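A short worksheet on the structure shown next.
Below, each value reflects all heavy atoms present in this structure, side chains not excepted, and no hydrogens, waters or symmetry copies. Source: prediction; values computed, not measured. Atoms within each ligand, like the ligands themselves, are counted from 1 in listed order.
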Amino acid sequence: MKPIIETHELTKTYGNFTAVYRLNLHIRKGTVYGFLGPNGAGKSTTMKMFLGLVRPTVGTFTVDGMSYPRDRMEILRKTGSLIEEPSFYGNLTGRENLDLIRRILGLKPSAVEDALELTGLTRFGDRPAKKYSLGMKQRLGLAGALIGRPPLLILDEPTNGLDPVGIHEIRTLIRSLPGKIGCTVLVSSHLLPEIELMADDVGILNRGHLLFEGSMEKLRETAAMKGLPSDNLEETFLALVDEDNRKRRPM
Ligand SMILES: Nc1ncnc2c1ncn2[C@@H]1O[C@H](COP(=O)(O)OP(=O)(O)OP(=O)(O)O)[C@@H](O)[C@H]1O
């Protein structure tokens, strides 16, 4: 099956600094794809290119058969996202906040209840958003991103700053999305244990370069072949990044 996102030599440079270098990603439909890399690796820049927020310097990508830049608007219509902290009207309830988004998108009123239900917020729907916990705010952000039931969801570090309970809730929700609504999820993190618990496939980025792409099993095999630690994927990840850093020194 053709991947839902495919990139071709996708590159972003700022002046003479290369943030993302010739990326060829393949994100399979109906999976959770973990986008992994240390701080500054280029994860956000890549995701922002998919959302039309950053213009690629070189290269292109397709989303569900549509090509960037030609089908930019259509791609955006099919993509939900949470890139930075979600922002809401604090004095409006969760339900009212979602209703605003629903009206902008021209969706049926039932879409609000649907999104509340999907994110486990139905019983908190009438509470002002400013009274929500951090985890609930994040779920409300996800509800807003999912309200049109997009086939693709892009999430940049969605568990950042959450406590273990909040992290668990968001992770469970993300994991359920392909099965529940057929949504493919691209989710970034700099923590491999986090990604390991929710992703089918991973892409590992370092200094703008893709070091690995594939399943956890393939990551284990690749590490073993290279003589890197393979029984603990966190160590595999750190060893791959370290090996790449030594090759590319100086920064
Ligand atoms: N507008 C910009 N101008 C210049 N450099 C930029 C710009 N945006 C990002 N960068 C640089 O590009 C590199 C990649 O940044 P990016 O935010 O994509 O990394 P990241 O993997 O998402 O990191 P983090 O986990 O810290 O969010 C960084 O070195 C960053 O400083």
Side-chain angles (χ1 to χ4, degrees), residues 5-27 32-61 63 68-69 72 75-76 79-87 134 137-138 141-142 145 152-162 166-167 170-171 174 184-199 201-214 219 233-251:
I5 299 184
E6 198 167 10
T7 71
H8 308 275
E9 304 287 301
L10 196 62
T11 300
K12 179 67 192 176
T13 56
Y14 294 104
N16 57 9
F17 175 76
T18 303
V20 172
Y21 184 70
R22 300 178 75 169
L23 275 197
N24 292 302
L25 296 177
H26 308 83
I27 297 166
V32 175
Y33 184 106
F35 203 26
L36 201 64
N39 290 127
K43 307 178 295 293
S44 302
T45 303
T46 306
M47 290 175 148
K48 286 178 180 168
M49 288 195 269
F50 295 148
L51 295 168
L53 298 170
V54 165
R55 191 195 296 259
T57 311
V58 179
T60 183
F61 60 88
V63 175
Y68 178 91
R72 196 169 70 91
I75 290 173
L76 285 182
T79 310
S81 68
L82 202 53
I83 288 290
E84 268 135 25
E85 258 178 49
S87 56
L134 213 56
K137 281 185 182 146
Q138 202 64 352
L142 281 170
L152 176 65
L153 183 65
I154 295 183
L155 305 173
D156 197 2
E157 312 250 3
T159 55
N160 237 2
L162 298 185
I167 291 175
I170 296 293
R171 194 194 289 142
I174 290 173
T184 304
V185 187
L186 169 61
V187 52
S188 76
S189 174
H190 52 269
L191 302 172
L192 190 132
E194 180 62 28
I195 289 296
E196 202 178 349
L197 290 169
M198 59 180 152
D201 291 343
V202 287
I204 299 181
L205 203 62
N206 188 46
R207 298 194 192 178
H209 292 71
L210 188 66
L211 305 187
F212 171 85
E213 181 182 63
L219 178 57
L233 287 183
E234 173 78 347
E235 283 181 19
T236 306
F237 166 61
L238 293 173
L240 276 174
V241 168
D242 187 50
E243 182 188 64
D244 188 61
N245 281 341
R246 271 187 274 117
K247 259 197 313 207
R248 290 185 209 289
R249 228 176 271 286
M251 284 204 69

Legend entry - Closest non-hydrogen atom pair, Ile174 against Leu155: CD1-CD1, 3.6 Å

Inset, instruction - Go through ligand 1 atom by atom and flag the ones less than 4.0 Å from a non-hydrogen atom of Thr45. - result: 14 (C), 15 (O), 16 (P), 18 (O)

Legend entry - From OG1 (Thr46) to CG (Leu186), nearest 0.5 Å: 9.0 Å

Inset, instruction - Check the angle between the aromatic planes of Phe50 and Phe61 and answer parallel, tilted or perpendicular using the 30° and 60° thresholds. - result: perpendicular

Inset, instruction - Find all atoms of ligand 1 within a distance of less than 4.0 Å from any non-hydrogen atom belonging to Glu157, and give their numbers and elements. - result: 25 (O)

Legend entry - Element-labelled atoms of ligand 1 that are located less than 4.0 Å from some non-hydrogen atom of Asn39: 23 (O), 24 (P), 25 (O), 26 (O)

Inset, instruction - Decide yes or no on side chain to side chain contact (heavy atoms under 4.5 Å, CB included) for Tyr14 and Thr45, but give the supporting numbers first. - result: CA-CA 11 Å; Tyr14 294 104; Thr45 303; 3.9 Å; yes

Legend entry - Exercise check, heavy-atom protein proximity under 4.0 Å to atom 9 (C) of ligand 1: yes

Inset, instruction - Go through ligand 1 atom by atom and flag the ones less than 4.0 Å from a non-hydrogen atom of Phe17. - result: 11 (C), 12 (O), 13 (C), 29 (O)

Inset, instruction - Could you tell me which non-hydrogen atom of Val241 sits nearest to which non-hydrogen atom of Pro38, and how far apart they are? - result: CG1-CG, 4.0 Å

Inset, instruction - Using heavy-atom distances, let me know which of Pro38, Gly15, Gly40 sits nearest atom 14 (C) of ligand 1. - result: Gly40

Inset, instruction - Report yes if some N/O of Gly37 lies less than 3.5 Å from some N/O of ligand 1; otherwise report no. - result: no

Inset, instruction - Would you name the heavy atoms of Glu213 and Leu25 that are closest together and state the gap between them? - result: OE2-CA, 3.4 Å

Legend entry - atom 31 (O) of ligand 1 touched by protein heavy atom at under 4.0 Å: no

Legend entry - Heavy atom of the protein closest to atom 19 (O) of ligand 1 (residue, atom name, distance): Gly42 N, 3.2 Å

Legend entry - Distance-only N or O hit between ligand 1 and Lys43, under 3.5 Å: yes

Legend entry - Distance filter under 4.0 Å to Ser44 heavy atoms, resulting ligand 1 atoms: 17 (O), 18 (O), 20 (P), 22 (O), 27 (O)

Legend entry - Whether Thr11 side chain and Glu9 backbone form a donor-acceptor pair below 3.5 Å: yes

Inset, instruction - Report the distance from atom CD1 of Ile27 to atom CD1 of Ile154, rounding to the nearest 0.5 Å. - result: 7.5 Å

Legend entry - Residue, atom name and distance, where the atom is the protein heavy atom closest to atom 2 (C) of ligand 1: Tyr14 CE2, 3.4 Å

Inset, instruction - Report yes if some N/O of Ala41 lies less than 3.5 Å from some N/O of ligand 1; otherwise report no. - result: yes

Inset, instruction - Could you pull out the closest heavy-atom pair between Ser81 and Leu153, with the gap in Å? - result: N-CD1, 4.0 Å

